[in-house]
Protein chains: 2
Amino acid sequence: METDLPSSLATLAPIARRPLHEAAIDRLRDLIVQGELPPGSRLNERVLAGRLGISRTPLREAFKLLAAEGLVELLPNRGAIVAQLDPKRIGQTLAVMGALEALIGELACKQAPETAIAEIRALHFEMRAAHARRDLAVYFRYNQAIHLKLAEAAGNAVLALTYRQLNANVRRVRYMANLSPERWDAAVREHDAILAALGARDGSRLKALLSDHLAQKTASVLAALAERPAMAAA
Amino acid sequence: METDLPSSLATLAPIARRPLHEAAIDRLRDLIVQGELPPGSRLNERVLAGRLGISRTPLREAFKLLAAEGLVELLPNRGAIVAQLDPKRIGQTLAVMGALEALIGELACKQAPETAIAEIRALHFEMRAAHARRDLAVYFRYNQAIHLKLAEAAGNAVLALTYRQLNANVRRVRYMANLSPERWDAAVREHDAILAALGARDGSRLKALLSDHLAQKTASVLAALAERPAMAAA
DNA sequence: CCTATAAGTTTTGCATGCAGAATACAAAAC
DNA sequence: GTTTTGTATTCTGCATGCAAAACTTATAGG
């Protein structure tokens, strides 16, 4: 049987020994999403493994998982490269995200606990603060956080996970494209309306607002992509 | 420059050398989906690698990718097991598939080439033939083929891929649960209506029919799961 | 009889080694 | 000068080896 422990020990979190391939995935994903590894970059196994301080084995596992996420492209016998930002594919991804957001809007209004809505509201005002300061980077962070939190608030783990993965592919564009002041202001207004609908738990209205918001975002993302048609390797 | 080649050589398909981890994934996915590796089964690396005739390295890559698909569960330092059929998770997966099917229905009616619709029609009648023969296994195969082909017909590769992956998780239940004759007949009627709507390219009707079809399927799948609450390892 | 401890075994996680494919480079032929 | 052919090098794909963690069995203590 288990001996009684002092509560301080009983609640002690175990020391998490993170698998190396997971750490590598997170590091690489960040580098790719933030554009530090530009589209088309060759990912040399030996070099990258050395830089990350791991061996090729877990790194290769990371490559394959990132390929499944669509962030990396595997060329058989010829290595891995950072996936190109293909406007067609990005457009398709956004369309799928739209379908998911419709469900998110419905479910979130029906099932989200008040605490989750309160958290989203808090994030919303943090985002508005960043907007007021014209701090684009922080704005993006809170913007992302809101959308992801909303996906979680729907109470469907599969939905949240799927949404999250698709989102990573789209986020890459954001780090390369600036936002026009008008579009930025409009986006904030859209978020105001979204928050209001969520607070009122008006599912069909939230659904419509999210759909509209995403349509605007799609236009802005694809316009940004059109400006730099194909980014070559670095 | 490239020398002109006899057309027989110019059209020669290259010899495809398939990576071992992909082959392993396909083999394992089939075994899991068809229930030959029951939920909870431990996947011993050395044993499985030996049986598949490969080394542990590509097998471990396969494990991780199957975990990303939700078919395998990785227990840190304790190996991999076949993922349990969690009714809650299956229900969530079906809900997401519903959102995707709504988009599939719309896009397929708008964009599917006639050839794709013709192919789906052909598959439909193959399925009806199997139904007439009460051949459940063949029926399932064509049923799956129709839904996947429909997803492809929408002309959105990301959509098709996402749908396909979620579908694998649900398919597992089918191989373990029989279908009542009434439900079977009803499903075939629903498919008749779906095909008609697709042929007429009536997007909103197709959307509604797919939604209804999935709702029925959800009920039947969850009912089947409720009968055998938690399947232990084999 | 049950629990706790310790040695022995198995298994995973990762690093490394090796064969074959791909690439880069150089020399020869045109 | 351009293209082709041969050679050296680099890289990937996979197998194997090794240390640490987990499981198993045996043994001592209550």
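Every chain is numbered from 1, with letters handed out A, B, ... down the list of sequences.
Comparing B/Val47 and A/His21 along DNA chain C, the residue whose closest nucleotide (by nearest heavy atom) sits nearer the 5' end is B/Val47.
Atom CD1 of A/Ile81 and atom C1' of D/dT12 are 15 Å apart (whole Å). Between the P atom of D/dA22 and the CD atom of B/Glu45 lies a distance of 15 Å, rounded to the nearest Å. As rounded to whole Å, 17 Å separates atom P of D/dT12 from atom CG of B/Leu20.
Scanning for salt bridge (Lys or Arg N to Asp or Glu O under 4.0 Å) contacts around A/Arg56 gives A/Glu45, with sequence neighbours left out. The ring pair (Phe, Tyr, Trp, His ring centres under 6.0 Å) search around B/His21 returns none, not counting sequence neighbours. Scored by the side chain to side chain contact (heavy atoms under 4.5 Å, CB included) test, A/Asn156 finds A/Leu107, A/Val158, A/Leu159, B/Gln92, B/Ala95, B/Val96 as partners (sequence neighbours excluded). Under the side chain to side chain contact (heavy atoms under 4.5 Å, CB included) criterion, A/Arg27 pairs with A/Leu52, sequence neighbours left out. A/Glu106 is linked by a salt bridge (Lys or Arg N to Asp or Glu O under 4.0 Å) to A/Lys207, counting only residues two or more places apart in sequence or in another chain. Looking at residues two or more places apart in sequence or on another chain, you find no salt bridge (Lys or Arg N to Asp or Glu O under 4.0 Å) involving A/Glu36. Every residue meeting the side chain to side chain contact (heavy atoms under 4.5 Å, CB included) condition with A/Ala187, not counting sequence neighbours, appears here in chain and number order: A/Tyr139, A/Arg183, A/His213. Qualifying side chain to side chain contact (heavy atoms under 4.5 Å, CB included) partners for B/Leu20, counting only residues two or more places apart in sequence or in other chains: B/Ile54, B/Pro58.
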Item to complete: Could you go through the side chain to side chain contact (heavy atoms under 4.5 Å, CB included) check for A/Leu198 and A/Arg121 one step at a time?
Response: CA-CA 9 Å; A/Leu198 178 64; A/Arg121 183 172 289 117; over 6 Å; no
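Note that CD of A/Gln34 and CZ of A/Arg172 are 12.0 Å apart. Values are rounded to the nearest 0.5 Å.
OP1 and OP2 of C/dC14 both lie 4.0 Å or more from every side-chain N or O belonging to A/Arg18.
For the segment residues 61-80 of chain A, the set of residues with a heavy atom within less than 4.0 Å of an atom of DNA chain C comprises A/Asn77, A/Arg78, in numerical order. Contacts with DNA chain D (heavy atom under 4.0 Å) in residues 49-60 of chain B: B/Ile54, B/Ser55, B/Arg56, B/Thr57, B/Pro58, listed by number.
Applying the salt bridge (charged side-chain N to carboxylate O under 4.0 Å, His left out) definition to pairs two or more places apart or across chains, those involving residues 62-84 of chain B are A/Glu61-B/Lys64, B/Arg29-B/Glu69.
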Contact list (N/O, under 3.5 angstrom) for nucleotides 7-10 of chain C vs protein:
none

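Out of C/dC14, C/dT11, D/dC14, the shortest distance to the side chain of B/Arg42 is found at C/dT11.
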